[in-house]
Amino acid sequence: MKLRLGVLISGRGSNLQALIDACRDPDFPAEVALVISNKADAGGLARAAAAGIPSLVLKPKDFADKPAHEAAMTAALEQAGVGLVCLAGFMRLLTGGFVAHWHDRLINIHPSLLPSFPGIDTHARALAAGVRFHGCTVHYVREVMDEGPIIVQAAVPVLTGDTPDDLAARVLVQEHLVYPLAVRLIGEGRVRVEGAVTHIERAVVPAPVISPAPSSL
Ligand code: GRF
């Protein structure tokens, strides 16, 4: 049986799209069962509709408080038989109660090489820090924002003259690769969480990279 995904969004949903596209492969071990948005105008809702995936808009202001909003999300996710919740541009902090309920069944994609640059404006902050690499991280969610065992990361070089938008676009291409990869690894039962870290079975590691490349000497 395939792992059933619940994808939580707030916006354009390009990472949702990457997951939808990956799930089209009959060999992919997961399927998107439900999309939940906290905003009625999230672009990702049209992507879900186009793929024939059920979606729900649950607006926080329609609930008494945050725990009530989250309880409604959990009820809908469980009703849909969701086994893994994927945050994909979901712009709301989750309470410890929600995070504990979905412990090791809740993952997030963040546009930086964590633990560097948690929070917002990661691309501008990476440029200001002068790092030679930036990237993205898929990780299990813990109560502290943008913290939790790392599953997959992708690094991209920072180029002279990059604007935050240039860098964001370069990172986004990788986001669309690593999120499905992380879901595949989980769906294939190859990710083991041990304390603050994960171990990936049969992982193929890439060659080290230097930036600027030694050939520029
Ligand atoms: C992505 O950059 C993701 O890493 C961050 O929010 C953005 C969402 O983009 N958490 P999209 O809605 O998936 O296009």
Side-chain angles (χ1 to χ4, degrees), residues 5-24 28 30 32-51 53 55-60 73 84-94 98-99 102 106-129 131 133-158 162-186:
L5 308 178
V7 185
L8 271 48
I9 62 167
S10 301
R12 74 188 155 178
S14 70
N15 280 288
L16 164 66
Q17 188 68 55
L19 292 172
I20 290 172
D21 293 345
C23 291
R24 288 211 176 94
F28 197 74
V32 182
L34 178 66
V35 173
I36 299 180
S37 174
N38 63 328
K39 296 199 163 166
D41 62 354
L45 290 167
R47 299 178 188 269
I53 295 165
S55 65
L56 265 182
V57 176
L58 295 175
K59 291 187 228 159
M73 292 200 294
L84 181 69
V85 179
C86 303
L87 304 181
F90 186 67
M91 299 305 282
R92 276 185 67 82
L93 272 180
L94 296 162
F98 185 88
V99 171
W102 292 98
L106 173 61
I107 63 176
N108 179 46
I109 184 153
H110 179 76
S112 80
L113 291 170
L114 290 173
S116 292
F117 313 119
I120 60 168
D121 294 333
T122 56
H123 309 299
R125 286 158 59 210
L127 289 175
V131 293
F133 289 103
H134 185 45
C136 51
T137 303
V138 183
H139 64 97
Y140 283 103
V141 174
R142 296 293 183 256
E143 200 171 337
V144 178
M145 189 185 65
D146 299 330
E147 211 175 279
I150 291 167
I151 305 162
V152 184
Q153 293 187 304
V156 302
V158 177
D162 267 350
T163 64
D165 284 351
D166 295 334
L167 192 49
R170 197 173 305 125
V171 170
L172 193 63
V173 172
Q174 301 305 312
E175 292 189 36
H176 298 161
L177 299 175
V178 295
Y179 217 179
L181 172 58
V183 170
R184 177 185 281 279
L185 292 169
I186 292 169

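Order of appearance sets the numbers: ligands from 1, and atoms from 1 within every ligand. This structure is a prediction, so every number in the text was calculated from the model and none was measured.
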Task: Proximal ligand 1 atoms for P111, defined as those under 4.0 Å from one of its heavy atoms - done: 4 (O), 5 (C)

TODO: Return yes when atom CE of M91 has more than 12 non-hydrogen atoms of other residues, nucleotides or ligands closer than 6.0 Å, and no otherwise.
DONE: no

Open item on the list: So, regarding G13 and ligand 1 (criterion: nitrogen or oxygen to nitrogen or oxygen, under 3.5 Å), is there a contact or not?
Closed with: yes

Open item on the list: Counting C-beta onward and ignoring hydrogens, is there a side-chain heavy-atom pair between D41 and K39 closer than 4.5 Å?
Closed with: yes

Task: Within-cut-off N or O pair, I109 and ligand 1, under 3.5 Å - done: yes

Open item on the list: Under 3.5 Å between any N/O of N108 and any N/O of ligand 1: does that happen in this structure?
Closed with: no

TODO: Among all protein heavy atoms, pick out the one at the shortest distance from atom 3 (C) of ligand 1; state its residue, atom name and that distance to 0.1 Å.
DONE: E175 OE1, 3.2 Å

TODO: Have a look at S10, G89, A42 and point out the one with the heavy atom closest to atom 6 (O) of ligand 1.
DONE: G89

TODO: State, to 0.1 Å, how close V183 and C86 come at their nearest heavy-atom pair, and which atoms those are.
DONE: CG2-SG, 4.2 Å

TODO: Provide the closest heavy-atom pair for H139 versus I150 in the form atom of the first, atom of the second, distance.
DONE: CB-CA, 4.0 Å

Open item on the list: Check whether R125 reaches the backbone of I120 with its side chain - one donor and one acceptor, N or O, closer than 3.5 Å.
Closed with: yes

